[in-house]
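Everything numeric here is computed off the predicted structure, so don't read it as measured data. In this chain, numbering begins with 1 at the start of the sequence shown.
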Amino acid sequence: MRALWRRDERVGVIAQYFDCTQQTVRNWIRRFEKEDKNNLSHDLRADNSGSRLASRSVERVRHAILENPFQPVCRIPEALGLDVGEQTPRTSIKSRLHTGTYWAWISGDGPGDLVAIERRLNSETYVQILNDYLLPGVNARYPVNEPVFVIEDNSPIHTARVVAEWYADHPKLQRLNHLP
């Protein structure tokens with residue numbers, strides 16, 4: 001089970017392989033994570049002032065995150081062969097990263113596009129994102145002309161008239177009401 005978990009297999013796949021429930025797999029994963037936190041390579045210093053990564057290693061970590069932004073950061077050191085605890089990349093990167101605003105979509109079949117937003121998001125920019133990223137991504141993933149349901153929160157950007165008109169022009173994408 002640990003080997004499948006380390007390969008980032010989905011909980012459902014692991015459960016099916018071992019003929020057990022997904023909850024059992026989640027319990028085992030919690031145990032594995034607890035064991036990993038208690039092993040000698042983990043940085044247990046309370047002040048988190050441990051070793052920082054060299055610039056070259058930080059760039060490798062940044063590249064790994066950009067390649068797959070949905071992967072757990074705690075597994076990056078092992079994947080890159082870095083001899084550091086799981087917190088070290090986080091603390092090293094935090095001090096060197098510039099934060100930004102991002103938009104993403106996800107479906108039951110996995111993540112869609114992750115889009116960096118260069119300016120303040122407004123309803124016109126949101127419609128542009130829907131046109132440039134959501135619609136092509138959904139059409140590529142679900143080529144059949146059956147409805148695809150979209151859930152958004154009640155942000156003023158999502159409820160703007162121009163956004164409602166865009167959805168009206170694209171009947172394949174059907175919005176589900178979000179509770180207030």
Worksheet item: So, do His170 and Asn131 sit near enough that their side-chain heavy atoms are less than 4.5 Å apart?
Response: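 They are in contact (side-chain heavy atoms under 4.5 Å apart), so the answer is yes.
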
Discussion item. Is the shortest side-chain heavy-atom distance between Asn27 and Gln23 below 4.5 Å?
Written reply: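 Yes - at least one pair of side-chain heavy atoms lies under 4.5 Å apart.
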
Under the side chain to side chain contact (heavy atoms under 4.5 Å, CB included) rule, collect the residues that match up with [X], sequence neighbours excluded.
| X | value |
| --- | --- |
| Gln22 | Val11, Ala15, Arg26 |
| Ala168 | none |
| Glu165 | Arg161 |
| Glu146 | Val144 |

Approximate separation, where rounding is to 0.5 Å, of [X] [atom1] and [Y] [atom2]:
| X | Y | atom1 | atom2 | value |
| --- | --- | --- | --- | --- |
| Arg120 | Thr125 | CZ | OG1 | 10.5 Å |
| Thr159 | Asn154 | OG1 | CG | 6.5 Å |
| Tyr167 | Leu134 | OH | CG | 5.5 Å |
| His158 | Leu130 | NE2 | CG | 8.0 Å |

Discussion item. According to side chain to side chain donor-acceptor pair (under 3.5 Å), who are the partners of Ser155, at least two apart in sequence or on a separate chain?
Written reply: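 With neighbours one apart ignored, the set is empty.
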
Practice prompt. Could you tell me which residues satisfy side chain to side chain donor-acceptor pair (under 3.5 Å) with Asp132, sequence neighbours excluded, listed by chain and number?
Written response: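 Scan of Asp132 (side chain to side chain donor-acceptor pair (under 3.5 Å), adjacent residues dropped) gives none.
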
Worksheet entry | Of all pairs that satisfy salt bridge (charged side-chain N to carboxylate O under 4.0 Å, His left out), the ones with a partner from residues 150-160, not counting sequence neighbours |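 Residue pairs passing salt bridge (charged side-chain N to carboxylate O under 4.0 Å, His left out), neighbours aside: Glu152-Arg175.
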
Where do [X] and [Y] come nearest, in terms of heavy atoms and distance?
| X | Y | value |
| --- | --- | --- |
| Val138 | Trp105 | N-CZ2, 4.0 Å |
| Val163 | Ile157 | CG2-O, 3.2 Å |
| Gln174 | Pro147 | NE2-CB, 3.5 Å |
| Ser107 | Arg141 | OG-NH1, 2.9 Å |
| Leu135 | Leu173 | CD1-CD1, 4.0 Å |
| Ile106 | Pro111 | CG1-CA, 3.8 Å |

Discussion item. Is it the case that over 12 heavy atoms from other parts of the model lie below 6.0 angstrom from the CD1 atom of Ile151?
Written reply: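 Counting other residues, nucleotides and ligands, CD1 of Ile151 stays at 12 neighbours or fewer.
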
Discussion item. Taking CG in Asn177 as the centre, count heavy atoms belonging to other residues, nucleotides or ligands within less than 6.0 Å. Is the count above 12?
Written reply: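 Not more than 12 within 6.0 Å, no.
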
Item to complete: Classify the angle between the aromatic ring planes of Trp103 and Tyr126 as parallel (below 30°), tilted (30 to 60°) or perpendicular (above 60°).
Response: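 Rings of Trp103 and Tyr126: perpendicular, as their planes differ by over 60°.
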
Worksheet item: Among pairs that include at least one residue of residues 127-151, which meet ring-ring contact (aromatic ring centres under 6.0 Å, His included), considering only residues two or more places apart or in two chains?
Response: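 Listed once each, the pairs would be none.
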
